[in-house]
Q: 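Dropping a structure here in structure tokens format, bear with me for questions.
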Amino acid sequence: MHSMRKIFVFCTITFFAIAAMAQEKLDTAMIAKIRAEALAHSGVMDIAFHLTDGSGSRLMNSAGFFRAANWAKKTMEEWGLDNTALEPWGSFGKGWDLQKSYIAMTAPYYKNIIGLPKAWTRGTDGLKNAAVVIIDAKDSLQLLAYAGKLKNKIIMLPPLDSLKPVFRPMPAGILTHN
């Protein structure tokens, strides 16, 4: 117990000694200049827009990925950076772009369904009408329960989000997560 106390005291004294030596004088004028530049001329929101909404989905090797990458390269060149390039990354394979997706329930009544296909899902070559199977498998072992039961079916996965309906007035554009 006595040696643990010595180690603790030694570590505490060492910590405060290092902290005292590491103190340096802050350049408040430079901090003020950096702050003013960030507040007056920040391009963060413009950059974020071009890399997200402006480029679209950025799944690897997709058209949106290349739009975002080429925009970033061009922008860095405009900023004066030399040797900007899009570097190859492994042998990823083909990309995937969502062209169009439409889901609706037609019986016992019509209802539009909000949903998106999983990335790299094969297209259907037009509208399809089939029974729906909701797969709630957490691993490959649970997935075995569906073996032989999915041919010519529409497969849906349970929602992963936590959006809940709100039955009180909300400001426009506000979603709540419960």
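Below, all heavy atoms of this structure are taken into account, side chains as well, without hydrogens, waters or symmetry copies.
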Q: Could you check whether E77 pairs with K73 (Lys NZ or Arg NE/NH1/NH2 to Asp/Glu carboxylate O, under 4.0 Å)?
A: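 A salt bridge is present here (some side-chain N lies under 4.0 Å from a carboxylate O).
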Q: Should the heavy atoms of other residues, nucleotides or ligands under 6.0 Å from CG of L86 be counted, would the total exceed 12?
A: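 Counting neighbours around CG of L86, more than 12 heavy atoms of other residues, nucleotides or ligands fall under 6.0 Å, so yes.
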Q: Quick one: NZ on K138 to CG on L143, what's the gap to the nearest 0.5 Å?
A: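 Interatomic distance, K138 NZ to L143 CG, rounded to 0.5 Å: 12.0 Å.
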Q: Looking at Y110 and A104, what are the two nearest heavy atoms and their distance?
A: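 Heavy atoms of Y110 and A104 come nearest at CE1-CB, 3.5 Å.
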Q: Could you walk me through whether W96 and N61 satisfy the side chain to side chain contact (heavy atoms under 4.5 Å, CB included) test, starting with their C-alpha distance in whole Å, then the side-chain angles of each, then the deciding distance to 0.1 Å, before giving a yes or no?
A: CA-CA 7 Å; W96 186 85; N61 280 350; over 6 Å; no
Q: Who pairs with D46 by side-chain hydrogen bond (donor to acceptor under 3.5 Å, both in side chains), at least two apart in sequence or on another chain?
A: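 side-chain hydrogen bond (donor to acceptor under 3.5 Å, both in side chains) check on D46 returns H50.
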Q: Counting only heavy atoms not in N152 (residues, nucleotides, ligands), do more than 12 fall under 6.0 Å from its CG?
A: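 Result for CG/N152: open.
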Q: Do M45 and L51 belong to the same hydrophobic cluster, where Ile, Leu, Val, Met, Phe, Trp and Tyr are linked whenever their side-chain heavy atoms lie under 4.5 Å apart, directly or via other members?
A: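 M45 and L51: separate clusters.
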Q: Side chains of D97 and S57: closer than 4.5 Å at any heavy-atom pair?
A: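 Heavy-atom side-chain distance check fails, nothing below 4.5 Å.
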Q: Are L59 and L116 connected, step by step, through hydrophobic side chains (Ile, Leu, Val, Met, Phe, Trp, Tyr) whose heavy atoms are closer than 4.5 Å?
A: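 Yes, same cluster.
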Q: As an exercise, state the distance from CD1 of I155 to NZ of K153, rounded to the nearest 0.5 Å.
A: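 So the CD1 of I155 and the NZ of K153 are separated by 9.5 Å.
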Q: To the nearest 0.5 Å, what is the distance between CH2 on W79 and NZ on K74?
A: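 Output value for this atom pair is 11.5 Å.
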Q: Any chance you could measure E78, atom CD, to W71, atom CH2, to the nearest 0.5 Å?
A: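 Spacing of CD (E78) from CH2 (W71) equals 8.5 Å.
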Q: Please find the pair of heavy atoms, one from M156 and one from V132, that lie closest to each other, and give the distance.
A: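 Here M156 and V132 meet closest at SD-CG1, 3.6 Å.
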Q: In this structure, would M76 and I47 fall into the same cluster of hydrophobic residues linked by side-chain contacts under 4.5 Å?
A: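 Hydrophobic grouping puts M76 with I47.
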Q: Would you give the length of the straight line joining atom CZ of F66 to atom OG of S55, rounded to the nearest 0.5 angstrom?
A: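 It comes to 12.5 Å.
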Q: What distance separates I34 CD1 from D27 CG, expressed to the nearest 0.5 Å?
A: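 Nearest 0.5 Å value for the CD1-CG distance: 8.5 Å.
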Q: Side-chain heavy atoms nearer than 4.5 Å, only ILVMFWY residues, links allowed to pass through others: does that put I134 and I154 together?
A: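 The answer is yes; both residues are in one hydrophobic cluster.
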Q: Between the main-chain N or O of K94 and the side-chain N or O of W120, is there a donor-acceptor pair closer than 3.5 Å?
A: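 Flag set: sc W120 to bb K94 pair under 3.5 Å.
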Q: Could you see if I103 belongs to whatever hydrophobic cluster contains Y109? Use Ile, Leu, Val, Met, Phe, Trp, Tyr and a side-chain cutoff under 4.5 Å.
A: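 Yes, I103 and Y109 fall within the same hydrophobic cluster.
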Q: If I compare all heavy atoms of D136 with all of Q142, which pair ends up nearest, and what's the gap?
A: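 Heavy-atom minimum between the residues: O-OE1, 3.9 Å.
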Q: Assess the residue pair I135 and L150 against the criterion (side chain to side chain contact (heavy atoms under 4.5 Å, CB included)); give the C-alpha distance rounded to whole Å, side-chain angles, the decisive distance to 0.1 Å, and a yes or no.
A: CA-CA 10 Å; I135 295 183; L150 301 177; 3.7 Å; yes
Q: Considering all heavy atoms of both residues, which atom of L98 and which atom of S101 are nearest to each other, and what is their separation?
A: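 Residues L98 and S101, closest heavy atoms: CD1-CB, 3.9 Å.
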